[in-house]
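Here's the structure we're looking at; comments come further down.
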Amino acid sequence: MARDPRSREELRRQLTELLGAEAVETLMEALPPHPWDELVTKADLALLRTDFFGELDGFRSEVRAEFQRFDERMTARIEMSEHKLTATFRGELNTAITSQTRSLIYSNLGITVTLAATFLAALKLA
């Protein structure tokens, strides 16, 4: 039987006539305001909790796996980028060292030629 507020008040009125106001208040406080089949039991909550956390654990596993795949992809990209940067840096360093070495050799050659010419000039004058 569906219970509505009107039928609940009718029950309260009839019981007050039979039992008295204090007894009826005690009884009405003990009765749920909804039908018994709409109440949730601890077993219902435990089942819901098991279902919910079971699904949540599955979701957590999926998220962990996805983060692991993401981490692996990012690690691979970083390693590849580091390799490219290292190769680029090595190339630039090689070019810079070659240029410096060439400048140093030409400078030393110029100094050597100048010193030789000065030495020969000094020998001719002497």
Side-chain angles (χ1 to χ4, degrees):
M1 173 175 130
R3 192 178 318 156
D4 60 4
R6 203 175 80 209
S7 63
R8 191 172 171 90
E9 284 305 313
E10 178 62 25
L11 176 64
R12 179 188 298 269
R13 187 187 62 71
Q14 289 178 4
L15 285 174
T16 302
E17 292 173 6
L18 292 173
L19 303 173
E22 189 175 325
V24 170
E25 280 304 312
T26 303
L27 179 62
M28 293 304 280
E29 286 176 8
L31 293 176
H34 304 287
W36 288 101
D37 62 344
E38 291 182 8
L39 294 178
V40 177
T41 64
K42 288 182 181 180
D44 293 334
L45 290 176
L47 182 61
L48 179 64
R49 183 172 190 236
T50 302
D51 288 347
F52 176 75
F53 283 110
E55 290 178 18
L56 187 60
D57 288 339
F59 178 72
R60 284 181 185 160
S61 298
E62 290 176 22
V63 169
R64 269 194 205 106
E66 187 61 33
F67 272 117
Q68 181 66 31
R69 287 190 295 273
F70 178 76
D71 184 49
E72 289 169 0
R73 286 194 315 261
M74 288 297 108
T75 301
R77 284 185 180 180
I78 288 170
E79 288 173 357
M80 186 171 50
S81 295
E82 287 175 350
H83 180 69
K84 284 181 180 178
L85 285 174
T86 302
T88 302
F89 178 72
R90 284 182 181 170
E92 290 174 0
L93 184 63
N94 187 23
T95 303
I97 289 174
T98 301
S99 175
Q100 270 186 335
T101 304
R102 189 174 292 128
S103 297
L104 185 62
I105 289 172
Y106 290 147
S107 298
N108 284 337
L109 184 61
I111 291 171
T112 304
V113 168
T114 303
L115 284 176
T118 304
F119 180 72
L120 287 174
L123 281 178
K124 280 188 176 188
L125 289 178

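Residue numbers count from 1 along this sequence.
Every residue was checked against the side-chain contact (heavy atoms from CB on, under 4.5 Å) condition with L48, not counting sequence neighbours, and none meets it. The side-chain contact (heavy atoms from CB on, under 4.5 Å) search around D44 returns V40, T41, not counting sequence neighbours. For E62, there are no side-chain contact (heavy atoms from CB on, under 4.5 Å) partners, not counting sequence neighbours. Looking at residues two or more places apart in sequence or on another chain, you find no side-chain hydrogen bond (donor to acceptor under 3.5 Å, both in side chains) involving E29.
A single hydrophobic cluster is not seen to contain both Y106 and L104; linkage of ILVMFWY side chains at heavy-atom distances under 4.5 Å, directly or through other members, places them apart.
Each salt bridge (Lys or Arg N to Asp or Glu O under 4.0 Å) pair with one or both residues in residues 69-88, not counting sequence neighbours, appears once here: E66-R69. Residue pairs meeting the salt bridge (Lys or Arg N to Asp or Glu O under 4.0 Å) criterion with at least one partner in residues 12-22, sequence neighbours excluded, are E9-R12, E10-R13, R12-E25, R13-E17.
Grouped by direct or indirect side-chain proximity (heavy atoms under 4.5 Å, Ile/Leu/Val/Met/Phe/Trp/Tyr only), M74 sits with F70.
Separation of atoms CZ (R90) and CG (L93) is listed at 9.5 Å; rounding is to 0.5 Å.
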Less than 3.5 Å apart, which donor and acceptor atoms pair up between the side chains of residues 110-126 and the rest of the protein, not counting sequence neighbours?
| unit_1 | atom_1 | unit_2 | atom_2 | d |
| --- | --- | --- | --- | --- |
| T112 | OG1 | N108 | O | 2.7 |
| T114 | OG1 | G110 | O | 2.7 |
| T118 | OG1 | T114 | O | 2.8 |

Would you give me the side-chain donor-acceptor pairs under 3.5 Å for residues 95-102, sequence neighbours excluded?
| unit_1 | atom_1 | unit_2 | atom_2 | d |
| --- | --- | --- | --- | --- |
| T95 | OG1 | G91 | O | 2.9 |
| T98 | OG1 | N94 | O | 2.8 |
| T101 | OG1 | I97 | O | 2.7 |

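Taking both residues in full, the closest heavy atoms of T16 and V24 are given as N-CG2, 3.3 Å, listed atom of the first, atom of the second, then distance.
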